Amino acid sequence: MPVLDVQNLVTHYRTLRGWVRAVENISFSVDQGEALGLAGESGCGKSTVALSLLKILPSGGTIRHGKIVFQGQDLVTLSESEMRKIRWKGISIVFQGAMNALNPVYKVGEQIAEAIKIHEEGAGSSDVKERVAKLLETVGIEPSRADNYPHEFSGGMRQRALIAMALAANPIMLIGDEPGTALDVIVQAQTLKLLRDLKDRLGLSMILISHDLSIIAETCEKVAIMYAGKIVEYGDTRSIFKNPLHPYTQGLIKAFPSIKGERVRMTSIPGQPPDLLHPPPACRFNPRCPFVMDVCKREEPMLIEHGEKNHLAACHLY
Amino acid sequence: MVALEESTESIKKDFSPTEAPEEVLRVENLRKWYPLKRGFLETVFSRDELNVKAVDGVSFTLNKGEIFALAGESGSGKTTLGKVLLRLVSPSSGSVFFQGKDITKLSDRELKPLRRKMQIVFQDPFESLNPRMIIKEIVAEPLRVQGELEVNEKGQTKHRGLGEAEVEERVKKILSEVELVPPDEFLYRFPHELSGGQRQRVAVARAFVLNPTFVVADEPVSMLDVSIRAEIVNLMIDMVRKSSASIVFISHDIALAKHIADRIAVLYLGKMMEMGGAQTVVDMPLHPYTQALIAAVPVPDPDSKRTKDVISGEIPSPVDPPSGCRFHTRCPYAHERCVNEEPALVEVEEKHFVACHLYD
């Protein structure tokens, strides 16, 4: 049984101009010790998925339909106080922008200790201190640095400290929302290596959210490619990268400059992502698709298996 | 018949491979140090001045019609270098020769006629366009400020202001060149009505409307969505080919630099570590830092396992950079000489320069 099973999730934001259809009917699952990559451009709804899982949507955001089954429990029906027991202990999140996520006036160690104390009532102070040291060691920071303030840390260390904090209550699942995006390429590579190590060492289940397909290719076993609030392709990482089916996935993979191989003229996907207040009818990618047919404007394609096992695509071409 | 012969002659001349490429910009030993602001007591009790050594002794030449990439991590000094090239900031020492003149020594007044030939495209098209100006005014502003240069019968260049009709015509022309078509539809719109990609096209139009000799593009696509980056990059390449301008392309993304630049220079803590042809530098990097930088770039292929381990540590502070070779604190091959002696940038292979003791 998967650790997390999301079924037909619909999350919209209420605005003065109507509902913004940020996440429209998406389903996916994550097994124990597995990493799922959620990929897509900005505004495709990938961060909204993460916020929905933890039910920490900003005001106006509502889960309008669907189930989020985490360890057999449907999170959508839980009350706020029940949700508090899931956050950090069950699912915990590392946000993007490591520079701003720590409180500048508290020592890093204190901030991690706070997370432990809240989630484990009655933990002794020497006990907590030991745990903080151990957590910092896990993410590769010298435990003596617990007494430093965030400004004394470099960008990469702050990101590591945030990961340590996310691990404070021994979560079952870790969500990384663009971890490393604001960091330099070498530090980013260090951070991703750490996440991979942690996943293997602690048997964590992971959801990695990124616009960068190559990061996901290197870290995740499974991928969901999102476009305009929907999953357009879903399945085994190897199969999707070797044989991308959906025209959007194909375009996205080609749009990345590769460090290997000959110099080529880069290709882009013409047009721009749609306005989610009024998304295009049927297949949402149809205005930008090079292979568009009449049926694409009339009927919405289903996300179904094509050819290989565990490789689903939502496209009328197949 | 004679005329025809003459014209083929001139084409040969222009494209003759033996001829040395025409030099647009020559940078010599450029330094930009920013003094560090300190408290009163610190200033009283410590004598030595502290400086952020953003650019510390960089030399190179930029050729006509070339795309020259400056690659490096944040804090490597690439943006500062770009600004000094345009003299948006004045260097602490060193020279930038543009058309034979050292622009670091010119007054603002002497600089103004040169400014029309040196333009910039900024990183963020959401910040770099005035939200209260319509597209026509944004693109027309350089034309209004700089006017038109004309050569009279005596061979003197004369400055001439442009009439309203002429300005509009020029704006329309450049908008269609950057593929904002039909231009009439964009003239009277505000930046917020355009998408990120369209805005960056407006920024490119503004930079190229005066037919510049060189353009500094400071991370022009890093704020854009992946699927539209290629459009802007290809547009800039096309503009260069059409106008034979040169571009200094600043990018943290060395994979992107490989595909669009003719040459790449890798910067680290204000120093140039390696410089050479784009394909050569990326495929056969010589400097250990370049090797580490390239090894850290993720590859969109689940089967390619990274061969090398990621180097540890982060870029040190430019206030107190390491002695000798600045990379020695993180270099897997560092030896004693690297700590004490600074390596010079030397030509190891043809047109491939490296600053590393492993090669001298």
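In the text below, chain A, chain B and the rest are named by the order of the sequence lines, each starting its count at 1. Note that this is a predicted model, so its numbers are computed, not measured.
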- Message: Treating E314(B) as the side-chain partner and G156(A) as the backbone partner, does any N or O pair qualify as donor plus acceptor under 3.5 Å?
- Response: yes
- Message: Tell me whether the count of non-hydrogen atoms from other residues, nucleotides or ligands lying under 6.0 Å of NZ in K309(A) goes above 12.
- Response: no
- Item | Residue, of Q272(A), Q188(A), M266(A), that accumulates the most heavy atom pairs under 4.5 Å with chain B | M266(A)
- Query: Looking only at atom types and distance, does a side-chain atom of Q190(A) sit under 3.5 Å from a main-chain N or O of G313(B), one as donor and one as acceptor?
  - Reply: yes
- Note on the structure: chain A shares the most heavy-atom pairs under 4.5 Å, among G197(B), A255(B), S227(B), G196(B), with S227(B)
- For I186(A), is it the side chain, the backbone, both, or neither that has a heavy atom closer than 4.5 Å to a heavy atom of chain B? both
- Give, as side chain, backbone, both or neither, the part of V226(B) having an atom under 4.5 angstrom from any heavy atom of chain A. both
- Message: Keeping R229(B) on the side-chain end and A255(A) on the backbone end, is there a donor-acceptor pair under 3.5 Å?
- Response: no
- Option among D253(B), L293(B), I254(B) that satisfies the side chain to side chain contact (heavy atoms under 4.5 Å, CB included) test with I259(A): I254(B)
- Just jot down the side-chain contact (heavy atoms from CB on, under 4.5 Å) partners of L50(B), sequence neighbours excluded, or say none. L36(B), R38(B), V319(B)
- Taking the side chain from E218(A) and the backbone from V299(B), do they hold a donor-acceptor pair closer than 3.5 Å? yes
- Flag, side chain of R263(A) to backbone of A261(B), donor-acceptor distance under 3.5 Å: yes
- Message: I'd like to know if the side chain of D225(B) reaches the main chain of E41(A), judged simply by a donor and an acceptor atom lying under 3.5 Å from each other, with no hydrogens or angles considered.
- Response: no
- Task: Measure distances from K254(A) to the heavy atoms of chain B and classify the residue's part below 4.5 Å as side chain, backbone, both or neither.
- Result: neither
- Query: Of the listed residues (H211(A), R265(A), E221(A)), which shares the most heavy-atom pairs with chain B below a 4.5 Å separation?
  - Reply: R265(A)
- 4.5 Å side-chain heavy-atom contact, I228(B) and S268(A): no
- Message: Tell me whether H259(B) contacts the main-chain N or O of P257(A) through its side chain, where contact means a donor paired with an acceptor under 3.5 Å.
- Response: no
- Going by the side-chain hydrogen bond (donor to acceptor under 3.5 Å, both in side chains) test, name the single residue among R238(A), K260(A), K242(A) that passes it with D301(B). K242(A)
- Backbone N/O of T267(A) and side chain of N234(B): donor-acceptor pair under 3.5 Å: no
- What residue, out of V264(A), I240(A), D212(A), has the most heavy-atom pairs lying under 4.5 Å from chain B? V264(A)
- Value rounded to 0.5 Å, distance of OG in S42(A) from CG in L224(B): 9.5 Å
